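Scroll down for the structure; my scribbles are underneath it.
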Amino acid sequence: MENIKGLKRTRLCTELSVNDVGKEVVLMGWVQRRRDLGALIFVTLRDRSGIMQVVFNSEADPELHKKAFQLRSEYVIAVRGTLALRSPEAINRNMPTGELEVLAKELRILSKSETPPFHIEENSDANEALRLKYRYLDLRRPDLQGNLILRHRVAKIARDYFDANGFLEIETPVLTKSTPEGARDYLVPSRVQPGKFYALPQSPQLFKQLLMISGFDRYMQITKCFRDEDLRADRQPEFTQIDLEMSFVDVEDVIRVNEGFIQRVFREILDIELPVPFKRLTYKEAMERFGSDKPDTRFGLELKNVSDIVKDSGFKVFSDTIANGGCVRAINAKGAGTFSRKEIDALGETVKTYGAKGLAWIVIEDNGVRSPIAKFLTETELQNLKERLEAQVGDLLLFVADKEEIVFNSLGHLRLVLGEKLNLIDHDKYDVLWVTEFPLLERDEEENRWVAKHHPFTSPMDEDIEYLDTDPSKVRAKAYDIILNGYELGGGSIRIHDIELQNKMFNIIGFSDEEAKERFGFLLEAFKYGVPPHGGLAFGLDRLVMLLAKTSNIRDVIAFPKVQNASDLMTNAPDYVDEKQLEELCIKTVEPSEN
RNA sequence: GGCCCGGUAGUUCAGUUGGUUAGAACGCUAGCCUGUCACGCUAGAGGCCGAGGGUUCGAGUCCCUUCCGGGUCGCCA
């Protein structure tokens with residue numbers, strides 16, 4: 001093994017251009033590939049910027065050529081040589097540095113490598129579990145390097161943009177207090193106070209509110225958050241938020257400053273100019289039209305309420321559902337009348353996933369309809385349905401009857417499936433919108449109480465405060481989510497800054513004064529000493545970068561992600577610890593119970 | 001916790017109704033080769049068919065259990 005003594009790297013591979021031809025250069029990096037033509041050896045050298053061809057010619061230097069013969073994939077080398085223009089017939093147009101090559105004068109093997117378990121290349125088809133076990137090799141691939149560089153750039157834009165707008169980056173604790181409500185906490189035992197635990201933050205929510213009370217006026221932080229819930233393609237147990245909070249603002253102020261941020265990200269990263277202000281939908285409208293509070297509005301297929309048409313229908317599934325307080329809604333899948341019975345059944349399975357009992361359907365044909373339910377419907381009902389759904393020959397009408405919640409959820413997801421299946425989604429389009437006026441509260445049927453839909457510090461809308469006592473379900477919140485192509489990019493709210501209202505909120509979600517004091521006493525105490533009106537928002541940085549990188553897997557934009565069972569295949573975390581460590585923490589483990 | 005998909009050389013995969021010695025490509029090793037760039041040519045090595053149990057004369061293939069990975073529902077204020 002050799003060292004780099006006396007050699008200094010001049011440039012990265014792709015920083016060299018035809019203007020540098022004739023200069024002596026020193027490159028350092030990994031052997032991407034060796035092509036051995038006998039007396040002539042080509043090596044593609046890879047560094048973070050890209051690749052450059054290096055030539056070893058036995059005629060020019062037999063000793064050096066002999067040394068180059070030893071090179072294998074992923075050896076780390078330093079090469080000193082002359083940058084040369086390739087002869088015209090040897091130019092590789094598929095390579096950014098394809099006009100150039102380095103004629104080697106010196107080679108040092110800085111580190112050898114075993115044959116890697118998978119080939120380091122763009123668009124690797126190697127199994128992801130294998131790539132995660134050897135993540136440091138996976139991260140050598142240009143696509144992942146590009147993703148992490150992109151991530152860095154987005155984070156930098158966030159810091160620059162919010163700095164320019166008067167925000168201060170302030171760190172908040174990672175070891176903090178467990179709070180009720182919300183996701184499961186990750187707990188950290190205290191050694192000095194046996195039996196007590198810290199919790200890792202689900203978000204810095206309370207700390208940023210306290211910073212407003214401290215008078216910092218505008219705060220931002222790029223920070224890790226932790227939620228002990230099951231993973232998804234777009235969800236990791238530890239993730240990063242661009243978190244911010246502002247004083248003396250209302251909804252419009254928060255929205256405006258964040259539109260500017262997203263606009264700048266798209267301008268600088270993708271060279272796309274997003275028009276502001278962004279579209280807005282109220283929560284109610286989003287649900288009614290798209291069956292989702294994070295609608296993908298790149299395509300139509302909107303939901304239509306047909307309850308009034310079929311409320312007295314002979315089809316009991318419809319009329320009984322409505323009689324029991326439910327509803328019937330439908331999607332017109334334009335042109336999907338050609339779907340086979342099997343395909344329609346598969347759509348039925350889709351809605352069943354979301355709790356629907358079934359999917360009723362009608363195909364509009366030249367001379368009438370084809371449908372298992374048509375015989376239960378009168379001619380008038382059929383005619384009204386067609387009109388409401390703007391049905392034409394060749395269309396497939398799809399109906400779900402159930403509680404509103406299930407109808408929205410199942411049709412909302414069916415809509416996405418149909419959008420894909422009917423190829424209605426323009427994957428090069430970026431569709432950004434705000435969803436506003438979320439309900440403040442929702443009913444937890446299991447616990448039979450109200451819970452905060454956003455969090456318990458969210459302010460109700462001024463005009464709805466009167467309903468807090470009479471009909472909490474009617475109260476809308478000063479909460480807003482920002483949605484990109486059907487993904488929730490971020491969300492936030494104006495907070496309650498009045499101690500009376502905050503106490504009332506705790507009471508409505510079932511906290512006694514004692515419990516509220518126990519859990520959030522520090523906040524209520526702070527509320528006694530002059531609280532500016534404030535509000536904020538948090539973006540999911542991972543998700544934002546994921547969408548900018550055009551991948552649907554959040555692991556592709558995280559350096560060391562976790563797999564579905566929340567373990568890290570490289571480090572093998574989580575893992576058992578020494579009995580000694582547990583003793584010191586006064587912790588005993590028990591076998592998990594069956595069931 | 002539920003549902004769906006997957007696990008066979010280093011890698012990506014094929015493997016028929018259960019039937020002889022489990023194949024291919026890439027990679028790897030060695031040799032030849034002075035303009036390659038997915039270099040080419042020749043030869044070679046390489047397998048706990050995820051694991052355990054069962055059925056069978058016989059299991060990569062069928063059954064049961066289990067482990068691992070992915071997607072998803074629940075969950076994620």
Side-chain angles (χ1 to χ4, degrees), chain A residues 32-45 51-60 65 69 72-74 84 86-95 97-98 101 103 114-122 124-134 137 179-185 202-203 205-206 225-237 239 346 349-356 406 409-410 413 417 438-442 444 446 450-458 477 479 488 491 493 505 509 540 552-553 555 562-565 567 569 592 594-595:
Chain A
Q32 174 70 27
R33 220 176 196 89
R34 183 192 62 145
R35 288 179 294 278
D36 181 356
L37 277 69
L40 194 61
I41 294 175
F42 296 100
V43 167
T44 24
L45 179 75
I51 55 177
M52 172 66 78
Q53 173 161 285
V54 182
V55 189
F56 297 91
N57 192 324
S58 66
E59 210 169 75
H65 171 269
F69 180 76
R72 293 293 181 272
S73 290
E74 302 308 315
R86 298 194 198 180
S87 64
E89 62 278 8
I91 287 173
N92 184 348
R93 298 282 168 206
N94 302 318
M95 194 173 150
T97 58
E101 62 189 1
L103 308 175
E114 290 186 12
T115 303
F118 55 91
H119 189 219
I120 313 296
E121 61 183 345
E122 200 154 5
S124 173
D125 57 1
N127 181 278
E128 199 185 359
L130 186 75
R131 294 197 283 113
L132 287 169
K133 181 176 174 190
Y134 298 95
L137 297 181
T179 51
E181 305 286 288
R184 250 175 244 115
D185 284 323
Q202 297 177 28
S203 84
Q205 183 59 36
L206 295 174
C225 303
F226 306 86
R227 294 178 189 175
D228 185 5
E229 297 294 347
D230 287 351
L231 287 79
R232 287 288 186 279
D234 65 347
R235 236 164 60 189
Q236 285 270 309
F239 60 101
E349 289 307 310
T350 299
V351 298
K352 281 180 187 168
T353 314
Y354 300 94
I406 287 175
N409 198 21
S410 58
H413 281 91
V417 169
F438 278 79
L440 183 70
L441 299 153
E442 60 190 355
D444 183 327
E446 257 175 47
W450 293 103
V451 293
K453 187 165 176 72
H454 190 48
H455 57 56
F457 317 103
T458 301
E488 182 191 330
S493 63
M505 186 67 183
I509 62 174
S552 52
N553 181 343
R555 293 184 295 273
K562 293 180 173 53
V563 297
Q564 195 153 260
N565 66 7
S567 62
L569 295 180
E594 298 298 315
N595 68 31

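Every chain is numbered from 1, with letters handed out A, B, ... down the list of sequences. The basis for the numbers below is simple: all heavy atoms, side chains too, and nothing from hydrogens, waters or symmetry mates. None of these values were measured; they are calculated from a predicted model.
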Name the nucleic acid region contacted by A:Ile509, choosing base, sugar-phosphate or nothing; use a 4.0 angstrom heavy-atom cut-off, strictly under. nothing
Considering Watson-Crick and G-U wobble pairs with both distances under 3.5 Å, what does B:G60 pair with? none
Taking B:C13 as the reference, what is the distance to B:G7 when you measure between their C1' atoms (whole Å, please)? 12 Å
List the residues meeting side chain to side chain contact (heavy atoms under 4.5 Å, CB included) with A:Ser493, not counting sequence neighbours, and say none if there are none. A:His454, A:His455, A:Thr458, A:Ala479, A:Arg495
Give the rounded distance in Å between these two atoms: CG of A:Asp36 and P of B:U42. 17 Å
Which part of the nucleic acid, if any, lies within contact of A:Val451, taking any heavy atom under 4.0 Å across all strands shown: a base, the sugar-phosphate backbone alone, or nothing? nothing
To the nearest 0.5 Å, atom CD of A:Gln202 lies from atom CG of A:Asp228 at 9.5 Å
Touch class at under 4.0 angstrom, heavy-atom based, for A:Ala90 against every strand present: base
Would you mind classifying the nucleic acid contact of A:Ala183 as base, sugar-phosphate or nothing, using non-hydrogen atoms under 4.0 angstrom? sugar-phosphate
Rounded to the Å, how far apart are A:Ile406 CD1 and B:C73 P? 15 Å
A:Met95 side-chain proximity, nearest of B:C37, B:U34, B:U36: B:C37
Distance between P atoms of B:A30 and B:U66 (Å, rounded): 47 Å
Just to be sure I understand the rule, does A:Glu59 reach a base, reach only the sugar-phosphate, or reach nothing, if contact means heavy atoms closer than 4.0 Å? base
Pick the nucleotide of RNA chain B nearest each of A:Ser567 and A:Asn409; which residue has the one closer to the 5' end? A:Ser567
Take a 6.0 Å sphere around CD of A:Glu114 and say whether it holds more than 12 heavy atoms from other residues, nucleotides or ligands. no
Does A:Lys453, at its NZ atom, have more than 12 non-hydrogen atoms belonging to other residues, nucleotides or ligands within less than 6.0 Å? yes
Whole angstrom value for the distance that separates C1' of B:C37 from CG of A:Asn92: 5 Å
Would you classify A:Arg86 as touching base, sugar-phosphate or nothing, given that sugar-phosphate means primed atoms plus P, OP1 and OP2, and contacts are heavy atoms under 4.0 Å? base
Classify the side chain of A:Glu101 versus the base of B:G35 as yes if they form a donor-acceptor pair under 3.5 Å and no if they do not. yes
If only side-chain N and O atoms of A:Arg35 are considered, is one of them under 4.0 Å from the OP1 or OP2 phosphate oxygen of B:U36? no
Go through the structure and list residues passing salt bridge (charged side-chain N to carboxylate O under 4.0 Å, His left out) with A:Arg72, not counting sequence neighbours. none
Between B:C26 and B:A14, how far apart are the C1' atoms? Round to whole Å, please. 15 Å
Using the 3.5 Å cut-off, write out each protein N or O paired with an N or O of nucleotides 9-11 of chain B and the distance between them.
residue	atom	partner	partner atom	Å
B:G10	O2'	A:Pro117	O	3.0

To the nearest angstrom, how far is A:Asn553 atom CG from B:G71 atom P? 6 Å
Show, in sequence, the C-alpha distance, side-chain angles and deciding distance for A:Glu128 and A:Asn553, and conclude whether the side-chain contact (heavy atoms from CB on, under 4.5 Å) test is met. CA-CA 11 Å; A:Glu128 199 185 359; A:Asn553 181 343; 3.6 Å; yes
Work out how far the C1' atom of B:A9 is from that of B:G23, and round it to whole angstrom. 10 Å
If we call it a pair only when both distances are under 3.5 Å in a Watson-Crick or G-U wobble match, what pairs with B:G23? B:C13
Roughly, in whole Å, what's the span from CZ in A:Arg131 to C1' in B:G70? 12 Å
Describe the nucleic acid contact of A:Thr458 in one word from base, sugar-phosphate, nothing, applying a heavy-atom distance below 4.0 Å. nothing
Residue closer to the 5' end of RNA chain B, A:Ser73 versus A:Asn565 (nearest nucleotide): A:Ser73
Checking N1-N3 plus N6-O4 or O6-N4 for Watson-Crick, or N1-O2 and O6-N3 for wobble, each under 3.5 Å, the partner of B:C28 is B:G44
Over all atoms of both residues, closest heavy-atom pair of A:Phe118 and A:Ser124: CD1-OG, 4.4 Å
Please work out if A:Thr44 contacts a base, only the sugar-phosphate, or nothing of the nucleic acid, heavy-atom cut-off 4.0 Å. nothing
Let's test this: given Watson-Crick or G-U wobble pairing with both distances under 3.5 Å, identify the partner of B:G6. B:C68
Looking only at atom P, what distance separates B:C4 and B:A22, rounded to whole Å? 34 Å
Return the CD to CH2 distance between A:Glu442 and A:Trp450, rounded to the nearest 0.5 Å. 9.5 Å
Between B:U29 and A:Arg72, is there an OP1 or OP2 to side-chain N/O distance shorter than 4.0 Å? yes
Grab the CG-P distance between A:Asp234 and B:C75 for me, whole Å please. 16 Å
So what does A:Glu349 hit on the nucleic acid, given a heavy-atom distance under 4.0 Å: a base, only sugar-phosphate, or nothing? nothing
When we call it a touch if two heavy atoms are under 4.0 Å apart, what does A:Arg232 touch: a base, just sugar-phosphate, or nothing? base
How far, in whole Å, is B:G47 from B:G54 if one measures between their P atoms? 27 Å
Taking B:G6 as the reference, what is the distance to B:G60 when you measure between their C1' atoms (whole Å, please)? 15 Å
Whole Å only: how far is the CG atom of A:Leu231 from the P atom of B:G70? 8 Å
Pair A:Phe56 + A:His65: ring centers closer than 6.0 Å: no
Among B:G69, B:G35, B:C28, which nucleotide sits nearest the side chain of A:Thr115? B:C28
Where A:Glu181 and A:Ala452 come nearest, the two heavy atoms and their spacing: OE1-N, 4.2 Å
Of B:U34, B:G31, B:C73, the nucleotide closest to the side chain of A:Tyr354 is B:C73
Spacing of the P atoms in B:U11 and B:C5 (rounded, Å): 25 Å
Does the ring of A:Phe42 carry A:Arg33 above it, NZ/CZ under 6.0 angstrom from centre and within 45° of its axis? no
In whole angstrom, what separates A:Gln564's CD from B:G1's P? 13 Å
Which part of the nucleic acid, if any, lies within reach of A:Arg555 when heavy atoms closer than 4.0 Å are counted: base, sugar-phosphate only, or nothing? sugar-phosphate
Tell whether A:Arg235 reaches the base of B:C76 with its side chain through a donor-acceptor pair below 3.5 angstrom. yes
